[in-house]
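Note that this is a predicted model, so its numbers are computed, not measured.
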Amino acid sequence: MAKFYYIVRDKKGQKLHGSEESSNQEDLISRLQERQLVVINISQEAKEGQAGFKPEVASKASFKPKHFGVSSDDLALFCRQLSTLLGAGVTILKSLDIISKQVSSRKLFNVIKVLQKDMEQGLSLHESMAKHPTVFSDLWVNLVESGEASGNLAVVLARLATYLERNASFKNKIISALIYPIILFIAGLGALLFLTIKIVPVFGDLFKGFDIKLPALTQMLIVVSNFIRSTMLFSIIAIVVLSVLIKKYIQTKEGRYSYEKLLLSLPIMGDFFRAMIIERFSSEMSTLIEGGVPILYSLEITEHSCANLVMGEIIHKVKDEVRSGRPLSVPLDKSGFFDPMFVQMIAIGEEIGELSQMLKKINVFYQEVVETFLTRFTALFEPMMLVFIGLVVGIMVIGMFLPIFQIAQIGG
């Protein structure tokens, strides 16, 4: 039997020190976790405050960052690794030390080092994370706090990791679905501009040497070509200035709200944007509620983390009505933003006490709605774009060759 010194936190978040004899670290960790204590560190050397206590710290010299930002994939992997290590009985400080040696982000590496230092000085994990709002959102901080309070930090982190992985996968699917249409549009636009600016003028100069009346279609193409060439610089400057002004207006609260309202009011696309917003809302709410965060607090966190002002305003009104004692489904229905199916499933979830599970099912449904829309949009966009480009190029070719036919007839 060996003597181990440990540092733990109780349900109230208070830091406790102690020592016990055990055959190995794993056995002692299991006993401490059975008492609903969150294990921070265990050492055979000495407890904190005594000479010789040196928490393990990864060497920066061995770290080779691949990039400097923190992506959603980096955070999902960090969360999954942390939940796995804690679930296996590894202490928080040791888990952070192990993960720090494997992360590919320089920024996340530095943040993990700060988390270790803060926890060694007495802060809890959620308090340490709260000091880095650009990396760890309110969702992270509150779920970790809930996990620390309940003694189920590994379980809560596993749920958060699943949420982050699902969101990252969903985001990647959307990006992948949009890449091809965007490339096709840019290529098509570039081809049309090349024909208009470079090819049409060559034919126009050629036809000047012949004493013929050009067909109306040819004249129109030459006029359009000359107009685009003469105003191209001005047009580019005007587009850049207009884009900057619009961007600055959208960055204001009033402008952003108007822009979001416009997007949601668009035919067909408006339903797509609304489905994406509801998918994000249901995903966050299910994760928070399942993690033990109260509904009111979950709504507040979702409101603050919501990237859409229109939705944020709706959540704020819903939160006020829930605070006054109404069921969640009532203000959601009153807002007019959510489908009847969504409201009915929320009402059923509240009645049977399975709100988080209902929100998960809703989230899966809206993910499928968005993915189906993107699949159909991509499938329709490609032939429509090809037909449009082919039609325009065909008209331009006909317009350029009609005078040649006239010249051939005159020469014959």
Within-4.5 Å side-chain heavy-atom neighbours: [X] and [Y]:
| X | Y | answer |
| --- | --- | --- |
| H132 | L115 | yes |
| M285 | L299 | yes |
| L139 | Y163 | yes |
| T287 | R166 | yes |
| F273 | M269 | yes |
| L125 | F136 | no |
| N363 | K360 | no |
| L242 | K247 | no |

Non-hydrogen atoms of [X] and [Y] that approach each other most closely:
| X | Y | answer |
| --- | --- | --- |
| G399 | P403 | O-CD, 3.3 Å |
| V156 | G291 | CG2-O, 4.1 Å |
| V310 | N308 | N-OD1, 3.0 Å |
| L86 | S95 | CD2-OG, 3.8 Å |
| Y249 | S258 | OH-OG, 3.8 Å |
| S72 | A168 | OG-CB, 4.1 Å |

Exercise. What about F281 and F338, are their ring centers closer than 6.0 Å?
Worked result: yes
Exercise. Charged N to carboxylate O below 4.0 Å: is that the case for R256 and E260?
Worked result: yes
For this session: Salt-bridge test for D320 and K317: reply yes if a basic N is under 4.0 Å from a carboxylate O, no otherwise.
Result: no
Exercise. Would the number of heavy atoms belonging to other residues, nucleotides or ligands and lying under 6.0 Å from CD of Q251 be above 12?
Worked result: yes
Exercise. Is atom CZ of F207 surrounded by more than 12 heavy atoms (other residues, nucleotides or ligands) closer than 6.0 Å?
Worked result: yes
For the pair [X] (side chain) and [Y] (backbone), establish whether a donor and an acceptor sit closer than 3.5 Å, ignoring hydrogens and angles.
| X | Y | result |
| --- | --- | --- |
| T375 | E371 | yes |
| S105 | G69 | yes |
| S169 | E165 | no |
| S283 | E279 | no |
| S146 | N142 | no |
| S329 | I346 | no |
| T231 | F234 | no |

Would you check if there is a donor-acceptor pair between the side chains of [Y] and [X] at a distance under 3.5 Å?
| X | Y | result |
| --- | --- | --- |
| Y366 | D339 | yes |
| Q116 | K113 | yes |
| S71 | D74 | yes |

For this session: Could you please spell out the steps behind the side-chain contact (heavy atoms from CB on, under 4.5 Å) verdict for E127 and K131?
Result: CA-CA 7 Å; E127 289 172 335; K131 295 169 66 175; over 6 Å; no
For this session: Given side-chain contact (heavy atoms from CB on, under 4.5 Å), test F373 with D271 step by step and report yes or no.
Result: CA-CA 10 Å; F373 177 89; D271 291 335; over 6 Å; no
Exercise. Do D118 and Q121 pass the side-chain contact (heavy atoms from CB on, under 4.5 Å) test, and can you show the C-alpha distance, the side-chain angles, and the key distance before you say yes or no?
Worked result: CA-CA 5 Å; D118 287 344; Q121 293 175 352; 4.3 Å; yes
Roughly how far apart are [X] [atom1] and [Y] [atom2], rounded to 0.5 Å?
| X | Y | atom1 | atom2 | answer |
| --- | --- | --- | --- | --- |
| C306 | I301 | SG | CD1 | 13.5 Å |
| E300 | T302 | CD | OG1 | 10.0 Å |
| I289 | L328 | CD1 | CG | 7.0 Å |
| M345 | L332 | CE | CG | 13.0 Å |
| S356 | K361 | OG | NZ | 10.5 Å |
| S124 | M129 | OG | CE | 10.0 Å |

Problem set entry | Derivation of the side-chain contact (heavy atoms from CB on, under 4.5 Å) call for I295 and L355 | CA-CA 10 Å; I295 292 179; L355 183 57; 3.6 Å; yes
Problem set entry | Parallel, tilted or perpendicular: ring planes of F405 versus F401, cut at 30 and 60 degrees | tilted
Problem set entry | Derivation and outcome, salt bridge (charged side-chain N to carboxylate O under 4.0 Å, His left out), residues R280 and E284 | CA-CA 6 Å; R280 176 71 184 271; E284 281 199 19; 2.9 Å; yes
In residues 178-204, what donor-acceptor pairs under 3.5 Å come from side-chain atoms, sequence neighbours left out?
unit_1 : atom_1 : unit_2 : atom_2 : d
Y180   : OH     : E382   : OE2    : 3.3
T196   : OG1    : L192   : O      : 2.8

